[in-house]
Amino acid sequence: MKVFLVDDEIVIREGIRESFPWEGSGYTLVGEAPDGEMALPMIRDTNPDIVITDIKMPFMDGIELCRTLRGQMPWIGIIVLSGYDEFEYARQCIQLGVREYLLKPINAEDLRGVLDKVSAQIITERKNLEHAASLRARMESGSRFVREKLIGSLFSDEASEDDAHTVIEQLRSMGCPVPAAYYVVIDSAFTPTGEGQEAAAALADSSGGIVHTSASRTGTRLLVLGDSSEDAEERAYAFANSLVRELERTGCSQIRTGIGEIVDKPEEIINSFKTARHIRHLLVKRTEEQAFILGVREMGEPAEDTRTPSVINDAKLYMAQHFSDPNLMLQDVAKAVNMSNSRFSTVFSQQNGQTFTEYLIYLRLNRAKELLRRTNMKSAQIARESGYNDAHYFSYIFKKNTGITPSEYRTRYQNEPE
């Protein structure tokens with residue numbers, strides 16, 4: 001189980017990071033952030049199973065973070081940290097689907113107990129969803145079968161404008177309300193199709209009604225609902241990332257997934273599907289292995305495939321110039337190259353072979369290694385020069401990625417070329 005930590009207090013993050021026996025525990029700490037705003041793109045990057053978050057934080061607090069995760073990635077288990085005087089905040093978080101609640105101060109034993117409890121819940125839910133999906137796959141009649149067929153009819157080239165509105169109304173009358181302000185289609189192909197379709201359906205079921213699936217000959221097609229254009233895009237990217245990982249976990253291969261354009265009318269869902277299908281077909285012609293490429297665009301813009309490598313080169317140049325800024329975030333780089341946060345995160349990973357977070361750590365640790373080899377700076381100063389305000393977190397990241405501490409690296413490699 002992958003765990004992500006969000007807390008504005010360095011001492012809390014350090015305490016959880018250092019005191020909990022991560023190695024051999026069955027849990028991996030994949031990242032941390034001081035507030036929800038900084039955490040969100042990193043959570044999309046690392047795709048954790050569990051998020052541990054404080055309630056009171058600057059910029060985006062725990063309540064807003066829980067609300068956003070609930071809307072975009074409802075399959076993530078959330079654990080809330082709180083002080084004794086924050087019960088009302090905790091109550092609001094619980095209403096937003098929080099799994100567990102821990103009072104500060106926290107010790108390793110209590111945290112292990114809560115992680116085990118949430119982990120067991122997630123595993124049970126996944127098994128239940130897989131079982132339900134398996135039963136669904138064996139059904140050749142019934143309301144679920146009809147609903148999936150109706151969803152599938154929205155992707156038909158033969159559907160007219162009136163047909164789309166009729167289908168939407170039929171789905172609503174069957175207890176499957178899909179009218180939304182915005183729509184995006186995901187088209188995914190994979191083998192074997194049966195197991196993958198069950199996994200996709202189970203993941204869609206866990207979305208709380210924001211994603212609906214329909215099996216196809218080569219895989220599955222999914223309709224993503226959004227309250228705004230940005231909301232639809234964020235949900236589509238988050239779901240596509242999770243879908244690919246879930247298909248891989250299930251044992252599927254040759255995974256090719258495209259995301260279509262954002263549309264705001266039922267009769268235009270077919271256009272989103274055609275874009276998604278076109279993007280997916282492009283993958284067949286590519287020589288490198290990639291899980292998916294995307295064609296999301298704002299309405300009124302020309303459709304696009306993945307952004308050109310030159311844009312990613314611009315992003316890497318910007319990061320090389322600013323990585324020593326400890327406040328550098330994905331949204332800063334995305335803005336610099338004129339991309340949305342979620343689109344940039346996904347396209348960067350595809351073009352570069354590393355997530356934004358991984359590449360930023362790579363730049364920072366390369367700088368740290370250079371300073372350790374060539375200077376006598378203290379570790380705290382090297383941390384600051386490399387983009388880390390917290391010297392302890394710098395040491396943790398350094399050892400996690402190199403296997404040795406900064407001081408051990410200096411002893412071994414000082415005055416030697418890399």
Side-chain angles (χ1 to χ4, degrees), residues 1-6 27-33 35-54 57 60-80 93-100 115 118-119 121-123 125-126 129 180 182 184 186 188 199-213 222-228 230-249 257 259 291-292 294 296 329-331 334 340-346 349 355-357:
M1 288 282 171
K2 296 190 292 183
V3 180
F4 194 95
L5 174 61
V6 191
Y27 302 97
T28 302
L29 185 63
V30 295
E32 58 181 76
D35 64 76
E37 184 178 0
M38 187 178 290
L40 267 177
M42 295 175 71
I43 289 171
R44 295 189 190 101
D45 245 4
T46 54
N47 198 43
D49 301 285
I50 298 170
V51 169
I52 303 172
T53 179
D54 190 18
M57 298 181 294
M60 180 187 287
D61 64 14
I63 292 176
E64 185 58 32
L65 177 61
C66 290
R67 184 177 291 112
T68 303
L69 292 177
R70 176 77 168 178
Q72 296 180 7
M73 292 165 273
W75 45 87
I76 291 178
I78 303 175
I79 298 170
V80 160
C93 285
I94 290 170
Q95 291 175 340
L96 291 170
V98 169
R99 303 294 186 111
E100 285 294 325
L115 283 173
V118 173
S119 175
Q121 292 172 358
I122 291 172
I123 291 170
E125 287 170 6
R126 285 177 180 171
L129 288 170
Y182 293 88
V184 185
I186 300 174
S188 184
L203 190 62
D205 283 347
S206 72
S207 74
I210 64 174
V211 182
H212 299 272
T213 183
L222 303 112
L223 181 65
V224 182
L225 314 183
D227 300 323
S228 65
E230 182 182 33
D231 182 45
E233 181 175 347
E234 295 289 351
R235 287 176 174 178
Y237 275 87
F239 191 88
N241 271 303
S242 295
L243 173 63
V244 170
R245 289 182 173 88
E246 188 65 15
L247 290 171
E248 290 171 341
R249 189 181 71 83
T257 301
I259 297 181
F292 61 94
L294 308 107
V296 171
M329 293 188 287
L330 180 145
Q331 44 262 53
S340 71
N341 298 340
S342 54
R343 190 187 313 179
F344 171 73
S345 175
T346 300
S349 298
T355 67
F356 169 82
T357 304

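Residue numbers start at 1 and run along the sequence shown.
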Inset, instruction - Please name all residues satisfying side chain to side chain contact (heavy atoms under 4.5 Å, CB included) with Met42, sequence neighbours left out, ordered by chain then number. - result: Phe4, Ala33, Met38, Thr357
Inset, instruction - Quick one: list whatever passes side chain to side chain contact (heavy atoms under 4.5 Å, CB included) with Thr28, sequence neighbours left out. - result: Val30
Nearest-0.5 Å distance that lies between atom [atom1] in [X] and atom [atom2] in [Y]:
X      : Y      : atom1 : atom2 : value
Leu69  : Leu40  : CG    : CG    : 6.0 Å
Leu225 : Ser207 : CG    : OG    : 8.0 Å
Arg126 : Arg249 : CZ    : CZ    : 5.5 Å
Leu29  : Ile52  : CG    : CD1   : 8.0 Å

Is the closest side-chain heavy-atom distance between [X] and [Y] below 4.5 Å?
X      : Y      : result
Val211 : Arg235 : no
Met329 : Pro41  : no
Phe344 : Leu330 : yes
Leu115 : Met1   : no

Check [X] against [Y] and note the closest heavy-atom contact, atom names and distance.
X      : Y      : result
Val6   : Ala39  : CG2-CB, 3.7 Å
Gly36  : Met57  : N-CE, 3.9 Å
Thr53  : Cys66  : CG2-SG, 4.3 Å
Tyr27  : Ser119 : OH-CB, 3.5 Å
Ala240 : Ile259 : CB-CD1, 3.6 Å
Ala180 : Gly226 : CB-O, 4.0 Å

Legend entry - Step-by-step side chain to side chain contact (heavy atoms under 4.5 Å, CB included) determination, Thr68 to Glu234: CA-CA 10 Å; Thr68 303; Glu234 295 289 351; over 6 Å; no
Inset, instruction - For the pair Trp75 and Phe239, evaluate side chain to side chain contact (heavy atoms under 4.5 Å, CB included) and give the outcome as yes or no after the intermediate values. - result: CA-CA 10 Å; Trp75 45 87; Phe239 191 88; 3.8 Å; yes
Inset, instruction - Go through the steps for Thr46 and Lys2 under the test side chain to side chain contact (heavy atoms under 4.5 Å, CB included), then give the verdict. - result: CA-CA 8 Å; Thr46 54; Lys2 296 190 292 183; 5.6 Å; no
Legend entry - Residue pair Asn241, Arg44: steps toward the side chain to side chain contact (heavy atoms under 4.5 Å, CB included) verdict: CA-CA 8 Å; Asn241 271 303; Arg44 295 189 190 101; 5.6 Å; no
Inset, instruction - Could you note down all residue pairs passing salt bridge (Lys or Arg N to Asp or Glu O under 4.0 Å) where residues 66-78 supplies at least one of them, sequence neighbours left out? - result: Glu64-Arg67
Inset, instruction - Apply the side-chain contact (heavy atoms from CB on, under 4.5 Å) test between Ile50 and each candidate in Leu5, Ile76, Val118; give the one that qualifies. - result: Val118
